[in-house]
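Each remark here refers to the structure printed beneath this line.
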Amino acid sequence: MLTQAVLRRVLASTPRMAAIRMSSTSSATTPSEDYFAKNSRLNRPLSPYTHYKPQITTVLSISHRMTGLALSVLLYGGGISALASSQTNFAQVLQSIQTTVPHSLLFTVKVLAGTSLVYHILNGIRHLSWDYGFGFSLKELYTTGYIVVALSLLSALVIAIYAN
Amino acid sequence: MSFLRFVAKSGCSPLITRQLSLQSMACLTRSSSPKLLATNACIHTTNTNNGSLDGRQPLLPRQLLQQLSTRLLSSSASGAAAQGSHNHSKLWSLERYVSLGLLGVIPAALAVPNPALDYLLALSLVIHVHWGLEAIVVDYIRPSIFGSVVAKLMVAYVYMLSIAALAGLFYFNYTDVGLGVAIRMAAKI
């Protein structure tokens, strides 16, 4: 006679049930295994992430990170070199830079750094709007994204005029 | 699966996590497109085919979500399932407040350069950059790729860089022209 209890035990003893029990309990109570290690052990398939079409969402997101990284290098580089050098006259530092580095390179660095800063600030405002809960619809994402790009290009023009 | 990782890390009881994993296992084994929780395919699982271990029907997504929300709202810092208990929410909010503050401090320090704003600008900039660099390092220098020693070392390196940069900027503010004036001068070369 197949009672409920017997049926339960039979179903629970199948290899797939045993695997489910093992995987679920191990991740719930004692996570001894790293997430990536576990997934590669179970030989799970990956998404075809190398074939993704560049979209404004992803491009702006990675650009936000890259501009942030570039600006960080500038800021930290300046701070650490101020600590390391014995020079305490900033005007003199700028003078020596002006004599050694050609004007075209200085111009390029200024335009790139300024545009990066403006873009990072504008996209940062976009980020903060998400953090406060609005702007998540696809249309809003694309609209605000295009506005950020347009304003950044405009600022690049303005900086180029003023930095010359 | 990342949803399960989130659930386990948030301190959900093992029972709920297991029910969710059974649910997702049922979804996946049905070979239909598994959308997170609420798919019609999951609700209609039969008992004998993909049933749970104790013979009960897996919880409906609505019930699961209700249980999840009560657990998440009631428990404060019980992230005991994964790493040691660590409620990140206050740090997250602090990061956003510093970003907001920077939106005001940068124009102010550049328009009206003075020592107080110079130090405030240096401090808030370094804090903001530190969190950003730490996020980059944690995202890309993962233990699964580089090993846990290198990963921890790189995070420590970011801390050292931030301390050095903050010290350097404060030293610059003290001995030299100050950050606000310096940025204005550098923009003119």
Side-chain angles (χ1 to χ4, degrees), chain A residues 4-5 7-8 11-12 16-17 19-21 23-25 27-31 34-40 44 65 68-69 71-72 75-85 87-91 93-95 97-98 101 103 106 110 113-114 117 121 124-125 127-128 131-132 159 162-163, chain B residues 1-2 4-5 7-9 12-22 25 29 48 51 53-55 81-83 92 96 99-100 102-103 106 122 125-126 129-130 132-133 135-136 139 142-145 161-162 164-172 175-177 181-182 185-189:
Chain A
Q4 185 75 304
L7 187 65
R8 216 182 297 146
L11 288 171
R16 194 168 56 134
M17 278 306 174
I20 291 175
R21 207 182 314 135
S23 65
S24 63
T25 48
S27 65
T29 49
T30 48
D34 175 45
Y35 171 80
F36 294 100
K38 175 176 171 182
N39 279 294
S40 64
R44 293 207 171 123
R65 183 161 261 192
L69 187 60
L71 294 164
S72 310
L75 182 78
Y76 274 28
I80 293 175
S81 61
L83 194 63
S85 86
Q87 176 72 268
T88 53
N89 189 341
F90 190 59
V93 172
L94 285 181
Q95 258 259 339
I97 291 176
Q98 220 167 1
V101 180
H103 175 78
L106 284 175
K110 273 195 286 183
L117 182 66
I121 289 178
I125 296 173
H127 253 98
L128 283 172
D131 294 332
Y132 275 94
I159 291 171
Y162 276 99
Chain B
M1 284 313 275
S2 57
L4 289 183
R5 188 159 59 112
V7 153
K9 272 191 152 151
C12 277
S13 78
L15 176 66
I16 291 187
T17 318
R18 205 178 88 193
Q19 281 175 334
L20 283 174
S21 72
L22 285 173
M25 284 295 170
T29 51
T48 52
L53 295 179
D54 39 16
Q83 285 101 347
W92 189 90
R96 318 297 132 159
S99 308
L100 266 176
L102 268 174
L103 272 180
I106 292 181
L125 266 179
V126 170
V129 165
H130 171 78
L133 286 179
I136 290 178
D139 277 352
R142 298 174 227 142
S144 57
I145 308 176
L161 281 177
S162 299
L166 186 67
L169 285 174
F170 273 25
Y171 177 71
F172 184 81
T175 58
D176 215 318
V177 285
V181 174
M185 285 166 67
K188 290 200 188 103
I189 58 167

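Here the structure is a predicted model, which is why all the values come from computation and not from measurement. By convention in this document, chain letters (A, B, ...) are assigned in the order of the sequence lines, proteins followed by strands, and residues within each chain are numbered from 1.
Your options are B/Ala182, B/Gly132, B/Pro143, and the one with the most heavy-atom pairs under 4.5 Å with chain A is B/Ala182. The greatest number of non-hydrogen atom pairs below 4.5 Å with chain A, out of B/Val129, B/Ile106, B/Leu125, B/Leu133, is found for B/Val129. In terms of non-hydrogen atom pairs under 4.5 Å with chain A, the most contact-rich of B/Thr175, B/Ile189, B/Leu169 is B/Ile189. The candidate from B/Ala165, B/Ala167, B/Ala186 with the greatest count of non-hydrogen atom pairs under 4.5 Å with chain A is B/Ala165. Among A/Leu75, A/Leu106, A/Val93, A/Leu69, the residue making the largest number of heavy-atom pairs under 4.5 Å with chain B is A/Leu75.
Contact of B/Ala122 with chain A is not made at all, since no heavy-atom distance falls under 4.5 Å. In this structure, the portion of B/Ala187 lying under 4.5 Å from any heavy atom of chain A is its backbone and not its side chain. Heavy atoms closer than 4.5 Å to chain B are found in the side chain of A/Ile125, but not in its backbone. With a 4.5 angstrom heavy-atom cutoff, A/Ala84 does not touch chain B via any of its atoms. Looking at B/Leu103, the atoms closer than 4.5 Å to chain A (heavy atoms on both sides) all sit in the side chain, from C-beta outward. Looking at A/Tyr132, only its side chain comes within 4.5 Å of chain B, counting heavy atoms on both sides. Contacts of B/Leu100 with chain A are made by both backbone and side-chain atoms, with heavy-atom separations under 4.5 Å. Residue contact with chain A, scored on non-hydrogen atoms closer than 4.5 Å, involves the backbone and the side chain of B/Val126 alike. Within the 4.5 angstrom heavy-atom criterion, atoms from both the backbone and the side chain of B/Leu161 approach chain A.
Atom CZ of residue A/Phe36 and atom CZ of residue B/Arg142 lie 5.0 Å apart, to the nearest 0.5 angstrom. Note that NZ of A/Lys110 and OH of A/Tyr162 are 13.5 Å apart. Values are rounded to the nearest 0.5 Å. From A/Ile121, atom CD1 reaches atom CG of B/Leu102 across 8.5 Å, with rounding to the nearest 0.5 Å. To the nearest 0.5 Å, atoms OG (A/Ser85) and CZ (B/Phe172) are separated by 9.5 Å. In this structure, the separation between CD on A/Gln95 and CD1 on A/Ile97 is 10.5 Å, given to the nearest 0.5 Å.
Side-chain contact of B/Ser162 with A/Tyr76: a donor-acceptor pair under 3.5 Å is present, judged by distance alone.
Contact between A/Gly114 and A/Ile159 at its shortest, heavy atoms only, is C-CD1, 3.4 Å.
Distance alone, capped at 3.5 Å, places no donor-acceptor pair between the A/Asn39 side chain and the A/Arg44 backbone.
Ionic pairing of A/Arg65 and B/Asp139 is present here: one or more N-O contacts between side-chain nitrogen and carboxylate oxygen are shorter than 4.0 angstrom.
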